[in-house]
Novice: 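Mind looking over this structure? Questions follow.
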Amino acid sequence: GCSEASCTYLFAVDQASNTTPTGTYASTTTATQASGNGTYYIHVIAKDAAGNTSAVAHYSAVLDNQAPGAPSSLSLVTPASSPGNNATPTIQIGGVSAGDTNELYGDSACTTSLASGTASGTTISLTSSSLGADGTKSFYAKAVDGAGNASACSTVTLSYVLDTAAPTLTGLANDATPAQSKSWSWGCSDSSTPCTYLFAVDTSATTTPTGTYGSSTTTTQSSGTGTY
């Protein structure tokens with residue numbers, strides 16, 4: 001606009017800082033630049049009804065229409081490995097830029113958002129919303145810059161097996177037949193992941209084993225008298 005009631009204008013939009021608009025004066029008072037990257041300038045001259053013209057006014061704006069690159073890596077933080085029983089795992093997204101918003105998704109089209117956050121460096125760790133039922137889960141990511149430009153969905157993916165079901169011991173039963181020694185063998189019902197075990201042999205019916213889980217699935221008691 002101008003300080004008088006009936007101005008007309010010349011204007012130009014380009015990437016030069018000192019352009020002088022040319023052409024025919026008109027009443028247009030708006031302009032839009034919707035493409036390009038970098039600093040753009042609008043240059044305007046106003047003319048009043050008496051034919052007086054203003055100096056050229058130059059004003060700048062920065063355009064950003066360049067989408068960021070898709071995140072380049074996904075890795076488990078918590079738990080440290082798969083399978084796991086954590087239904088809200090923390091995933092580190094790599095290959096991102098500080099200031100960009102990054103989203104974690106549960107599908108290859110990046111439509112099912114699980115978490116989002118703003119990166120302060122080249123990586124960001126996001127904690128997923130609950131994954132629901134047990135099974136194999138796949139993670140993808142996307143970045144959005146400060147201007148709203150969104151990257152493609154990542155081609156890198158992370159697979160995580162959620163397993164919250166406790167295994168059932170197999171192969172053990174009470175044995176009332178007296179013998180000089182007794183051997184026990186056991187396994188578990190979980191076919192998707194290998195089980196590890198704690199065990200103890202004693203004369204108490206209510207002992208809870210302690211120590212470090214191991215892969216042993218057999219033991220023998222060859223001394224003593226009574227119920228073991």
Side-chain angles (χ1 to χ4, degrees), residues 71-96 102-117 121-142 153-228:
S72 60
S73 66
L74 295 168
S75 58
L76 275 172
V77 177
T78 306
S81 61
S82 176
N85 61 7
N86 188 336
T88 56
T90 298
I91 312 297
Q92 185 181 83
I93 303 172
V96 301
N102 295 272
E103 290 203 69
L104 183 68
Y105 292 89
D107 65 294
S108 61
C110 283
T111 57
T112 306
S113 179
L114 300 173
S116 67
T122 58
T123 64
I124 183 173
S125 293
L126 298 177
T127 298
S128 171
S129 57
S130 180
L131 298 178
D134 286 3
T136 300
K137 313 295 180 178
S138 295
F139 298 98
Y140 300 82
K142 185 167 71 173
C153 195
S154 65
T155 56
V156 294
T157 183
L158 173 68
S159 182
Y160 171 64
V161 177
L162 176 63
D163 180 1
T164 61
T168 300
L169 280 168
T170 61
L172 294 173
N174 291 321
D175 184 358
T177 303
Q180 292 181 326
S181 66
K182 171 63 180 178
S183 292
W184 293 269
S185 295
W186 58 86
C188 81
S189 61
D190 196 334
S191 60
S192 61
T193 57
C195 290
T196 54
Y197 308 91
L198 290 178
F199 69 91
V201 176
D202 59 24
T203 56
S204 171
T206 58
T207 298
T208 298
T210 60
T212 303
Y213 284 86
S215 59
S216 295
T217 58
T218 183
T219 191
T220 299
Q221 179 69 28
S222 56
S223 63
T225 299
T227 299
Y228 280 79

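Just so you know, residue 1 is the first one in the sequence shown, and it goes up from there. Since the structure is predicted, the reported quantities are computational estimates derived from the model, not experimental observations.
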Novice: Quick one: do Thr157 and Ser108 satisfy side chain to side chain contact (heavy atoms under 4.5 Å, CB included)? Show the steps, please.
Specialist: CA-CA 8 Å; Thr157 183; Ser108 61; over 6 Å; no
Novice: Does some side-chain heavy atom of Pro209 sit less than 4.5 Å from a side-chain heavy atom of Tyr197?
Specialist: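 A side-chain contact is absent here, since even the closest heavy-atom pair is not under 4.5 Å.
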Novice: Measure across Asn85 and Leu162 and return the closest heavy-atom pair with its distance rounded to 0.1 Å.
Specialist: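 Closest approach of Asn85 to Leu162: C-CD1, 3.9 Å.
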Novice: Could you pull out the closest heavy-atom pair between Ala200 and Thr207, with the gap in Å?
Specialist: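 Closest approach of Ala200 to Thr207: CB-CG2, 4.4 Å.
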Novice: Once you round to the nearest 0.5 Å, how far does CG of Asn102 lie from OG of Ser125?
Specialist: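 That separation rounds to 11.0 Å.
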Novice: Could you pull out the closest heavy-atom pair between Cys153 and Lys142, with the gap in Å?
Specialist: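 Closest heavy-atom pair between Cys153 and Lys142: N-CD, 4.5 Å.
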Novice: If you round to the nearest 0.5 Å, how far is NZ of Lys182 from OG1 of Thr219?
Specialist: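 The distance works out to 12.0 Å.
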Novice: What's the shortest heavy-atom distance between Thr88 and Ser129, and which atoms?
Specialist: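 Here Thr88 and Ser129 meet closest at CG2-C, 4.0 Å.
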Novice: Run the side chain to side chain contact (heavy atoms under 4.5 Å, CB included) test on Phe139 and Ile93 for me, step by step, so that the C-alpha distance in whole Å, both residues' side-chain angles and the decisive distance to 0.1 Å come before the verdict.
Specialist: CA-CA 10 Å; Phe139 298 98; Ile93 303 172; over 6 Å; no
Novice: Find the distance between CG (Asn174) and CG (Leu172) and round it off to the nearest 0.5 Å.
Specialist: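 Between Asn174 CG and Leu172 CG, I get 9.5 Å after rounding to 0.5 Å.
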Novice: Under 4.5 Å between any side-chain heavy atoms of Pro89 and Pro79, yes or no?
Specialist: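 Answer yes - side chains close enough.
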Novice: Drop me the distance from Asp202's CG to Thr227's OG1, to the nearest 0.5 angstrom.
Specialist: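 Between atom CG of Asp202 and atom OG1 of Thr227 there are 12.0 Å.
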Novice: Compute the ring centroids of Phe199 and Trp186, then answer whether they are less than 6.0 Å apart.
Specialist: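 Centroid distance Phe199-Trp186: below 6.0 Å, so yes.
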Novice: Are the side chain of Thr136 and the backbone N or O of Val161 linked by a donor-acceptor pair below 3.5 Å?
Specialist: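 No: the side chain of Thr136 does not pair with the backbone of Val161.
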Novice: State, with a plain yes or no, whether a side-chain heavy atom of Thr127 is found less than 4.5 Å away from one of Val77.
Specialist: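 The answer is no, as the side chains (C-beta and beyond) never meet within the 4.5 Å cut-off.
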Novice: Can you tell me how far the CG atom of Leu104 sits from the OG atom of Ser116, to the nearest 0.5 Å?
Specialist: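 The CG atom of Leu104 sits 9.5 Å away from the OG atom of Ser116.
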Novice: Distance alone, cut at 3.5 Å: any donor-acceptor contact between the side chains of Thr217 and Ser185?
Specialist: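 No, no side-chain donor-acceptor pair sits under 3.5 Å.
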Novice: Answer whether the closest heavy-atom distance between the side chains of Tyr160 and Ile91 falls below 4.5 Å.
Specialist: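 No. Closest side-chain heavy atoms not under 4.5 Å.
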Novice: Looking at Tyr213, I want to see if its OH is surrounded by more than 12 non-hydrogen atoms of other residues, nucleotides or ligands under 6.0 Å.
Specialist: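 Count not over threshold, so no.
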Novice: Just by modelled atom types, is the Ala165 backbone N or O under 3.5 Å from a matching donor or acceptor in the Asp163 side chain?
Specialist: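 Confirmed, Asp163 side chain pairs with Ala165 backbone.
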Novice: Hey, mind stepping through Tyr105 and Ser154 against side chain to side chain contact (heavy atoms under 4.5 Å, CB included) and telling me if it holds?
Specialist: CA-CA 10 Å; Tyr105 292 89; Ser154 65; over 6 Å; no
Novice: Taking Ser222 for its side chain and Ser181 for its backbone only, find out whether a donor-acceptor pair lies under 3.5 Å.
Specialist: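 Not at all, since once roles are kept as given, no pair shorter than 3.5 Å links the two residues.
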Novice: For the pair Leu131 and Leu114, evaluate side chain to side chain contact (heavy atoms under 4.5 Å, CB included) and give the outcome as yes or no after the intermediate values.
Specialist: CA-CA 8 Å; Leu131 298 178; Leu114 300 173; 4.2 Å; yes
Novice: Work out which heavy atom in Ser81 is nearest to a heavy atom in Leu76; give both atom names and the distance.
Specialist: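 Taking Ser81 first and Leu76 second, the nearest heavy atoms are C-CD1, 3.7 Å.
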Novice: Would you confirm whether Ser204, through its side chain, and Thr206, through its main-chain N or O, come within 3.5 Å as a donor-acceptor pair?
Specialist: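 Yes, because the side chain of Ser204 sits within donor-acceptor range (under 3.5 Å) of the backbone of Thr206.
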Novice: Looking only at non-hydrogen atoms, find the nearest pair between Thr220 and Ser183 and report the distance.
Specialist: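 Closest approach of Thr220 to Ser183: OG1-OG, 2.7 Å.
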